[in-house]
Visitor: 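Pasting a structure below so you can have a look.
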Amino acid sequence: MQMSSSSSPSGSGGDLSERRGIPASKFIQDVETYLSQSNFDSNSALAFHQERLQQYKVVEMKLLAQQRDLQAKIPDIEKCLEVVATLEARKGTGESLLADFEVSEGIYSRACIEDTDSVCLWLGANVMLEYSCEEATALLKNNLENAKASLEVLVADLQFLRDQVTVTQVTIARIYNYDVHQRRVKQVTPTAIAAADA
């Protein structure tokens, strides 16, 4: 998520703050002062900020993918917690549990689960471990808390990133407008001098 900050100019001086490796974009109050302080011409400044905007977009895509993964993971963990709680509730009743479970995508099998003291949890990376029901509940609750905390951080990162995209887009527009204004002034000045001479 680290972004390069090659010759990072700032509009009002000072260091760029950041959030988890995402550099902040500073609002440029006075474009002329900004360009003179950063030793950029309008085209260089536009190129710099457009590159920064592209970097923000790449990071945003990565964060959105992580957010989608977490949003899919949380209901799965909650469903696993429900299943373990159901197994624990039925323990000792002598009653078997009839369950349908997914073998593969779209393929289900029916199982009759007798009293059990343990469950197997799929940890990913082709790893499945057997836990007691109590251990499984503790592990799943911990994973659920971690996933929810990670999701909160991601949402905050995305909001910060969207703010930086907005500031960068406004900066690009201000620099572009300043450049257009300067070109018009240069065109008008020779015309005004020629008219005054005539």
Side-chain angles (χ1 to χ4, degrees), residues 1-81 105 121-127 139-189:
M1 202 182 324
Q2 201 71 325
M3 292 176 34
S4 68
S5 58
S6 58
S7 69
S8 54
S10 59
S12 56
D15 294 328
L16 287 176
S17 60
E18 64 176 48
R19 177 179 171 87
R20 292 181 8 111
I22 304 168
S25 183
K26 294 208 176 202
F27 178 75
I28 297 173
Q29 209 52 295
D30 181 10
V31 175
E32 188 173 358
T33 304
Y34 164 75
L35 291 175
S36 64
Q37 286 178 353
S38 64
N39 295 323
F40 275 160
D41 62 5
S42 296
N43 290 334
S44 302
L46 281 171
F48 173 80
H49 288 286
Q50 286 169 340
E51 179 185 341
R52 176 61 56 90
L53 184 61
Q54 290 307 312
Q55 291 171 339
Y56 285 147
K57 294 291 186 181
V58 168
V59 172
E60 183 179 29
M61 287 174 52
K62 289 178 184 177
L63 291 178
L64 286 171
Q66 290 175 4
Q67 183 183 29
R68 278 191 305 273
D69 291 346
L70 279 173
Q71 286 173 333
K73 185 179 182 181
I74 289 172
D76 287 345
I77 296 171
E78 290 171 338
K79 190 170 22 171
C80 288
L81 269 169
E105 190 173 327
L121 294 179
W122 182 262
L123 301 180
N126 293 328
V127 176
L139 177 68
L140 289 169
K141 283 182 179 177
N142 185 39
N143 288 352
L144 183 62
E145 288 172 14
N146 290 341
K148 286 181 177 179
S150 295
L151 186 60
E152 284 180 25
V153 169
L154 268 176
V155 168
D157 287 349
L158 279 166
Q159 184 56 51
F160 175 80
L161 190 60
R162 287 184 183 120
D163 291 344
Q164 304 322 301
V165 166
T166 301
V167 169
T168 303
Q169 288 171 334
V170 168
T171 298
I172 289 170
R174 289 174 60 85
I175 293 170
Y176 179 79
N177 290 341
Y178 172 80
D179 187 44
V180 168
H181 176 73
Q182 291 304 311
R183 289 177 193 215
R184 285 187 182 153
V185 167
K186 286 179 184 174
Q187 287 176 350
V188 168
T189 304

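As the structure is a prediction and not an experimental result, all values here were calculated from the model.
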Visitor: Quick one: closest heavy-atom pair of Ser42 and Ile175, and the distance?
Guide: O-CG2, 3.8 Å
Visitor: From Gln159 CD over to Leu63 CG, what is the distance, rounded to the nearest 0.5 angstrom?
Guide: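 Reported value, rounded in 0.5 Å steps: 12.5 Å.
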Visitor: For Glu78, which residues count as a side chain to side chain contact (heavy atoms under 4.5 Å, CB included) partner, sequence neighbours excluded?
Guide: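 Scan of Glu78 (side chain to side chain contact (heavy atoms under 4.5 Å, CB included), adjacent residues dropped) gives Ile74, Leu144, Lys148.
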Visitor: To the closest 0.5 Å, what do you measure between CD (Gln164) and CZ (Arg52)?
Guide: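 These two atoms lie 9.5 Å from each other.
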Visitor: What class does the angle between the rings of Tyr34 and Phe40 fall in, given that below 30° is parallel, 30 to 60° is tilted and above 60° is perpendicular?
Guide: perpendicular
Visitor: Are the side chains of Ser25 and Tyr56 in contact, using a 4.5 Å heavy-atom criterion?
Guide: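 Result yes, sub-4.5 Å side-chain heavy-atom pair found.
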Visitor: Once side chain to side chain contact (heavy atoms under 4.5 Å, CB included) is applied, do any residues pair with Ser150, and if so which ones, sequence neighbours excluded?
Guide: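 In terms of side chain to side chain contact (heavy atoms under 4.5 Å, CB included), with neighbours along the sequence ignored, Ser150 is linked to Leu70.
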Visitor: What is the minimum heavy-atom distance between Arg19 and Ala156, and which atoms define it?
Guide: NH2-CB, 2.9 Å
Visitor: Before giving the answer on side chain to side chain contact (heavy atoms under 4.5 Å, CB included), spell out for Ile172 and Thr168 the whole-Å C-alpha distance, their side-chain angles and the decisive distance to 0.1 Å.
Guide: CA-CA 6 Å; Ile172 289 170; Thr168 303; 4.2 Å; yes
Visitor: Search all heavy atoms of Leu154 against all heavy atoms of Gln67 and return the closest pair with its distance.
Guide: CD1-N, 3.7 Å
Visitor: So Val153 and Arg20, do their side chains get closer than 4.5 Å, heavy atoms only?
Guide: yes
Visitor: Hey, what do you get for OG1 (Thr166) to CZ (Phe27), rounding to the nearest 0.5 Å?
Guide: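 Between atom OG1 of Thr166 and atom CZ of Phe27 there are 12.0 Å.
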Visitor: Could you check Asp69 against Lys73 for salt bridge (charged side-chain N to carboxylate O under 4.0 Å, His left out), going step by step and ending with a plain yes or no?
Guide: CA-CA 6 Å; Asp69 291 346; Lys73 185 179 182 181; over 6 Å; no
Visitor: Do other residues, nucleotides or ligands put more than 12 heavy atoms under 6.0 Å from Phe160 CZ?
Guide: yes
Visitor: Cut-off 3.5 Å, side chains only: do Ser44 and Asp41 have a donor facing an acceptor?
Guide: yes
Visitor: Considering all heavy atoms of both residues, which atom of Leu35 and which atom of Ala45 are nearest to each other, and what is their separation?
Guide: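 So the two residues come closest at CD2-CB, 3.6 Å.
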